[in-house]
Amino acid sequence: MQRRRRINPKDDATFYIDTGGDKAGLDVQYINAIKGRGIFTSIPFQKGDFLIEYRGELISKQECERRLKLYPVRLKVFMFDFHFDGKLWCVDAAKEDESLGRLVNDDHRNPTAKMRQLSVQGKPHLCLFADRDISPGEEITYNYGDSDWPWRCKGLDEVMPLETCGATQAT
Ligand SMILES: C[S@@+](CC[C@H](N)C(=O)[O-])C[C@H]1O[C@@H](n2cnc3c(N)ncnc32)[C@H](O)[C@@H]1O
């Protein structure tokens, strides 16, 4: 039996960062009116595998604050702020550009993936890696971080519509 040689996850991530595309084996599915869409696997992934980049426009903290004043609530959740090289940055993924990273949902209890920063040519990139082995048909999720996310409040995950959620993500 031939064994498939595993690609180094960091090299794999760098390849997708450079080419700007998403991997095969990951698809968008509509879940329900509360969660909206999510990303699901159609092939197995191993713990540690690179999955998806959270792609968008890399902007400064100041520009992020300016846009947050202008954006409607439903777009604010696509602003992902994080520290890199001693400064606060933000990836603005508000634009519907068919990239998959922006559609990955939150799970703070049993996520399938973990968000990590990768520096490529001096620029930070936000990448999701498998936090455990993932079977076909599972949803890719990660912990959005400590925040009072409305859907985490007891009972609200059943009734909170997409438009009412509003806070920026942060690492
Ligand atoms: C970055 S978007 C993820 C993609 C989103 N599901 C969509 O269809 O556009 C974040 C939004 O997804 C929803 N969401 C993410 N995780 C959720 C969860 N665990 N339960 C309910 N809604 C969730 C919330 O509406 C949140 O504002």
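No hydrogens, no waters, no symmetry mates; every other heavy atom, side chains included, goes into these values. We count ligands from 1, going down the list as the structure has it; atoms in each ligand are counted the same way. These figures come from a predicted structure and were not determined experimentally.
Near Phe78, with a cut-off below 4.0 Å to any heavy atom, the atoms of ligand 1 are 1 (C), 2 (S), 9 (O). Atoms of ligand 1 lying under 4.0 Å from any heavy atom of Asp106, numbered from 1 in the order shown and given with element: 15 (C), 16 (N), 18 (C), 19 (N). Counting atoms of ligand 1 from 1 in the listed order, those under 4.0 Å from a heavy atom of Gly36 are 8 (O). The ligand atoms of ligand 1 that sit less than 4.0 angstrom from a heavy atom of Asn105 are 3 (C), 4 (C), 5 (C), 6 (N), 12 (O), 13 (C), 14 (N), 15 (C), 16 (N). Counting the atoms of ligand 1 from 1 in the order shown, those under 4.0 Å from a heavy atom of Tyr144 are 1 (C), 2 (S), 3 (C), 10 (C), 15 (C).
The part of Arg102 lying near ligand 1 is the backbone, judged by heavy-atom distances below 4.0 Å.
Taking any N or O of Lys35, backbone or side chain, at least one lies under 3.5 Å from an N or O belonging to ligand 1.
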Query - side-chain contact (heavy atoms from CB on, under 4.5 Å) between Trp151 and Tyr144, worked out - result: CA-CA 12 Å; Trp151 55 85; Tyr144 279 14; 3.8 Å; yes
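Looking at Arg55 and Asp22, a side-chain N of the basic residue comes within less than 4.0 Å of a carboxylate O on the acidic one, giving a salt bridge. The pair Lys69-Glu65 does not count as a salt bridge, with every side-chain nitrogen at least 4.0 angstrom from each carboxylate oxygen.
Cation-pi contact between Arg102 and Phe78: present, with separation from the ring centre below 6.0 Å and deviation from the ring axis of at most 45°.
Distances shorter than 4.0 angstrom occur between a heavy atom of Leu103 and an atom of ligand 1. Residue-ligand proximity: Trp149 is placed with every non-hydrogen atom at 4.0 Å or more from ligand 1.
For Asn105 and Tyr142, the side-chain atoms include no donor-acceptor pair closer than 3.5 Å.
Residue Asp148 qualifies as open at atom CG: its count of foreign heavy atoms under 6.0 Å is 12 or below. Remark: Lys10 NZ is loosely packed, at most 12 non-hydrogen atoms of other residues, nucleotides or ligands lying under 6.0 Å away.
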